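Everything below concerns the one structure shown next.
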Amino acid sequence: MAYDPDVAITLWPEYFDVNRTRAKGRRLPKSLCVAKPDLDIMAKGAMILDLEYEIREDMSYPKDPRSRNGCVKVEKGKLTKTEILPKIGEILVQNQGRRSD
């Protein structure tokens, strides 16, 4: 299935933020999360998974509309959101040490 922004899966950095609780949006165990998840590394993960993607820096997480952290939209069809999230989390954890904060 080709990338269609209207039905794409939205990956918010809040899903991968180790400093958030599950109630505030974290979707994965802390072992697959990082502090300050980076949109570019999330997009790199989508590329590694061979998914078409789009980085949207102008969007706000629905539970926190004042922060505009952006999101990554990935094509729907090849993998489910449940399959994508832990794989992107692993890529974020592997790349956390290489970032310059």
Side-chain angles (χ1 to χ4, degrees):
M1 179 176 222
Y3 176 77
D4 180 3
D6 295 329
V7 296
I9 297 170
T10 304
L11 303 177
W12 299 99
E14 287 81 359
Y15 292 171
F16 307 97
D17 191 343
V18 74
N19 298 315
R20 285 187 174 259
T21 64
R22 292 262 184 175
K24 291 191 177 184
R26 182 172 48 86
R27 292 273 185 105
L28 296 170
K30 288 186 175 187
S31 62
L32 293 175
C33 295
V34 296
K36 299 180 186 174
D38 187 87
L39 289 178
D40 291 330
I41 297 175
M42 290 169 57
K44 176 184 174 184
M47 188 173 24
I48 289 170
L49 296 174
D50 195 31
L51 299 170
E52 291 184 40
Y53 67 91
E54 175 185 12
I55 297 175
R56 299 285 310 270
E57 294 180 358
D58 60 329
M59 296 186 73
S60 300
Y61 184 58
K63 288 185 178 181
D64 190 8
R66 289 177 287 175
S67 70
R68 297 182 74 71
N69 295 327
C71 67
V72 176
K73 291 190 164 254
V74 298
E75 73 176 288
K76 184 177 183 178
K78 287 185 180 180
L79 298 169
T80 66
K81 190 171 193 173
T82 307
E83 295 169 329
I84 293 170
L85 288 175
K87 292 178 181 182
I88 300 287
E90 289 174 9
I91 292 165
L92 282 167
V93 169
Q94 290 170 0
N95 287 284
Q96 180 182 21
R98 298 180 193 162
R99 287 187 2 200
S100 57
D101 289 326

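Please read these numbers as outputs of a predicted model, since none were measured by experiment.
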Please find the pair of heavy atoms, one from [X] and one from [Y], that lie closest to each other, and give the distance.
X: Val72; Y: Ala43; value: CG2-N, 4.2 Å
X: Leu85; Y: Phe16; value: O-CE2, 3.4 Å
X: Pro13; Y: Pro37; value: O-CG, 3.1 Å
X: Trp12; Y: Cys71; value: CE3-CB, 3.5 Å
X: Ser31; Y: Val93; value: O-CG2, 3.6 Å

Atom pair [atom1]/[atom2] of [X] and [Y] - distance to nearest 0.5 Å:
X: Thr80; Y: Glu83; atom1: OG1; atom2: CD; answer: 3.5 Å
X: Arg26; Y: Leu32; atom1: CZ; atom2: CG; answer: 10.0 Å
X: Asn69; Y: Glu14; atom1: CG; atom2: CD; answer: 5.0 Å
X: Ile88; Y: Leu79; atom1: CD1; atom2: CG; answer: 9.5 Å
X: Ile55; Y: Leu11; atom1: CD1; atom2: CG; answer: 11.5 Å
X: Gln94; Y: Ile48; atom1: CD; atom2: CD1; answer: 7.5 Å

With a 3.5 Å distance limit and no angle check, can you tell me whether [X] reaches the backbone of [Y] through a side-chain donor-acceptor pair?
X: Lys78; Y: Asp50; result: yes
X: Arg22; Y: Arg27; result: yes
X: Glu75; Y: Glu52; result: yes
X: Lys63; Y: Ala23; result: yes
X: Lys81; Y: Thr10; result: yes
X: Ser60; Y: Ser67; result: yes

Stepwise side-chain contact (heavy atoms from CB on, under 4.5 Å) check, Asp64 with Arg20: CA-CA 12 Å; Asp64 190 8; Arg20 285 187 174 259; 3.4 Å; yes
Student check: side-chain heavy atoms of Lys76 and Ile9 closer than 4.5 Å: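 Heavy-atom side-chain distance check passes, below 4.5 Å.
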Cluster overlap Met59 with Ile84, hydrophobic side-chain contacts below 4.5 Å: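 Yes, one cluster joins them.
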side-chain contact (heavy atoms from CB on, under 4.5 Å) evaluation trace for Tyr53 with Met42: CA-CA 10 Å; Tyr53 67 91; Met42 290 169 57; over 6 Å; no
